Chemist: 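Let me give you the structure first, and then I'll get to my questions.
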Amino acid sequence: MKNKVAVHWFRQDLRVKDNPSLNYLSKKYENIIGLFVFDDVNRDPRLGSASKVWLCESLKHLNEQLNGNLILLKGDPQECLEEILNFFDVEEVSWNRCYEPWVIKRDKKIKSNISEKIKVSSFNGSLLWEPWEILKDDNTPYKVFTPFYKRGCLSKKAPRNPETSKINFFNHNFRSTNICDLQLLQNKEWESQTLKIWQVGEAQAEKIMKNFLEEGIKDYSDGRNFPKKKNVSRLSPFLHWGQISPNTIWYALSKVNDVGEENIEVFKSELGWREFAYYLNYHFPYLQKENLKKNFDNFKWKNDEISFQRWTKGETGIPIVDAGMRELYQTGYMHNRSRMIVGSFLVKNLLIHWKKGEEWFWDCLFDADAASNSASWQWIAGTGTDSTPYFRIFNPVTQGQKFDPEGQYIKKFVPELNDMPIKYLFSPWECPENIQNEINFKLGVNYPNPIVDLKESRKRALLTYEILRRENSK
DNA sequence: CCTGGAGTTGTCCTA
DNA sequence: TTAGGACAACTCCAG
């Protein structure tokens, strides 16, 4: 079987290590062609701005890993594949699966079309457990995380062990689009600014993981709640694009010693939440667009564009919320604790539809992931199958005091409040005028008044839910 | 089919 | 100051 050419179609698996499709092909074929298609035809929704930046950087790295032999094309993958099949003497095409509804639909069609002339194989390169393999005894999908994870996943077979093969990428003379011609970048200041704290690529993913396992995992269970601490992995963008496999992380965790079983288990369960999001998106393909809990369909969301804009800019006048939103805009990332706080604030205090928040995150996050993003927004909004109960409304003042006790996170992203005494840092609207004068600060000038009263808006949210409940019981 | 226990991440009030 | 219970009811899940 040697000396034949096979095509590996890269999608959300931009890595060479532990890549099941590549492993499979490399055992059968001497020469492998690596293809990436920027599909701007079928994609739903379109890539967010941050994702485009990440992808652009990633493709540069991947091309280097392939010694410049990555074939980069733009358009409809079906047509691109046909072109390659006509040019080379291709024996087999293979890829790792994606799980978004639109991709499943697209790939199914492509597979049935080209498998008439050529062998096509697909693999699991991005999940620890296939969504269709985890079902309850009655063969229906789980809706609650804990039984899904513990009984559904952990008691099933262990995840695939990571494996890396030696791969020969074919030195070809086929056309390849210049990365710049994909028009992923708009030469905006924002693009280079956000990238500053990141280095993209497979090698970097491994480095970050190693560093996290040495430094961050130690106090993960507790420390992950504090935005200023270095206890979160920040591997999410790499996981999304497959620059590291969850399997690699899963088994690397098992080899870590002396950091406490609890920390390891909690981090593993976070990988479990990622699985759960993909699982929900697979079994409930409307996850991205509609409430999982249908009884929320009549909820009276507010159409408040002005408040929404101020939320996106981090100008709500609530320090911890603004810090989170500015972290997002400035770094393409937001700490998990802040995500919950700003999410709760948008959906409950402002009564703005979770979909609006989901879309903003989609555009700004380097780790923008359709399944995780939608599932998490539905969780915080209370519209998900297994979500926070509606009466649980985060108090951003308390949250700040608890999880940013010294205010370092707030001050980093909201430097206007640098001199604010800690007593008023989380609620500057309570700072008396004489103290404001002392620190040369004026509320409403140097930093905005809060756009809503926290107590009032909390009451209003509870009332709105109460109305929904009554409407539904009619 | 029935039944009982459980459900990521909170807040507020009260004693 | 602090710990404990209420918050509201439902659906999910497993025996």
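These values consider heavy atoms only, across backbone and side chains, with no hydrogens, waters or symmetry-generated copies. In what follows, every chain begins at residue 1, and chains take the letters A, B, ... in the order their sequences are listed. Predicted model, so just to flag it, every value in this text is computed and none were measured.
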Chemist: What does A:Asn336 touch in the nucleic acid at a heavy-atom separation under 4.0 angstrom: a base, only the sugar-phosphate, or nothing?
Modeler: base
Chemist: In whole angstrom, give the distance that lies between atom OH of A:Tyr390 and atom P of B:dT8.
Modeler: 19 Å
Chemist: Does a side chain donor of either A:Tyr409 or A:Glu327 reach within less than 3.5 Å of an acceptor in the other side chain?
Modeler: yes
Chemist: To the nearest Å, give me how far apart CG (A:Leu454) and P (B:dT11) are.
Modeler: 11 Å
Chemist: Roughly how many Å apart are C:dA8 and B:dG5, using the P atom of each and rounding to a whole number?
Modeler: 23 Å
Chemist: Should the pair A:Arg234 and A:Tyr333 be classed as cation-pi, given the thresholds of under 6.0 Å to the six-membered ring centre and 45° from the axis?
Modeler: yes
Chemist: Regarding A:Arg224, tell me which of base, sugar-phosphate or nothing describes its non-hydrogen contacts under 4.0 Å with the strands shown.
Modeler: base
Chemist: Applying a 4.0 Å non-hydrogen cut-off, can you work out what A:Leu462 is touching in the nucleic acid: base, sugar-phosphate, or nothing?
Modeler: nothing
Chemist: Is a donor from one side chain sitting under 3.5 angstrom from an acceptor on the other, for A:Asn295 and A:Asn472?
Modeler: no
Chemist: A:Asn225 has an atom CG; how far is it from atom P of B:dG10, in whole Å?
Modeler: 8 Å
Chemist: When you compare C:dG5 with B:dA6, how far apart are their P atoms, in angstrom units rounded to a whole number?
Modeler: 16 Å
Chemist: Charged N to carboxylate O below 4.0 Å: is that the case for A:Asp44 and A:Lys289?
Modeler: yes
Chemist: Select base, sugar-phosphate, or nothing to describe what A:Phe394 touches, counting heavy atoms under 4.0 Å on all strands.
Modeler: sugar-phosphate
Chemist: Is A:Gln399 touching bases, backbone alone, or none of the nucleic acid, heavy atoms closer than 4.0 Å?
Modeler: sugar-phosphate
Chemist: Where are the stems of DNA chain C, defined as at least 3 consecutive Watson-Crick or wobble G-U pairs with both distances under 3.5 Å?
Modeler: B:2-7 with C:10-15, B:10-15 with C:2-7
Chemist: Check the phosphate of B:dG10 against A:Asn395, side-chain N and O only, distance under 4.0 Å to OP1 or OP2. Yes or no?
Modeler: no
Chemist: Please give, in whole Å, the distance from B:dC12 P to A:Lys459 NZ?
Modeler: 12 Å
Chemist: Let me know the distance between CZ of A:Phe345 and P of B:dT9, rounded to the nearest Å.
Modeler: 22 Å
Chemist: If you measure only the distance, is there a donor-acceptor pair under 3.5 Å linking the side chains of A:Asn303 and A:His353?
Modeler: no
Chemist: Taking atom P in both B:dT11 and C:dC10, compute the distance separating them and give it to the nearest angstrom.
Modeler: 25 Å
Chemist: Please state how far atom CD1 in A:Ile380 lies from atom P in B:dT8, giving the value in whole angstrom units.
Modeler: 14 Å
Chemist: If the P atom of B:dG10 is compared with that of C:dT11, how far apart are they to the nearest Å?
Modeler: 25 Å
Chemist: First and last nucleotide of DNA chain C touching chain A, 5' to 3', heavy-atom cut-off 4.0 Å?
Modeler: C:dC7 to C:dG15
Chemist: Any cation-pi pair here, A:Lys355 with A:Trp377, using under 6.0 Å and within 45°?
Modeler: no
Chemist: May I ask you to check whether A:Asn263 and A:Ser221 show a side-chain donor-acceptor distance below 3.5 Å?
Modeler: no
Chemist: Could you measure the distance from the CG atom of A:Leu127 to the OH atom of A:Tyr99? Nearest 0.5 Å is fine.
Modeler: 4.5 Å
Chemist: Please identify which of these residues, A:Lys156, A:Lys157, A:Arg160, meets the salt bridge (Lys or Arg N to Asp or Glu O under 4.0 Å) condition with A:Glu133.
Modeler: A:Lys157
Chemist: Going through the distances and angles, do A:Asn437 and A:Asn434 end up as a side chain to side chain donor-acceptor pair (under 3.5 Å)?
Modeler: CA-CA 5 Å; A:Asn437 289 337; A:Asn434 63 320; over 6 Å; no
Chemist: Output yes when at least one side-chain N/O atom of A:Arg392 is less than 4.0 Å from OP1 or OP2 of B:dT9, else no.
Modeler: yes
Chemist: Rounded to whole angstroms, how far apart are NZ on A:Lys455 and P on B:dT11?
Modeler: 14 Å
Chemist: How close or far is atom P of B:dC12 from atom CD1 of A:Ile393, stated in whole angstroms?
Modeler: 9 Å
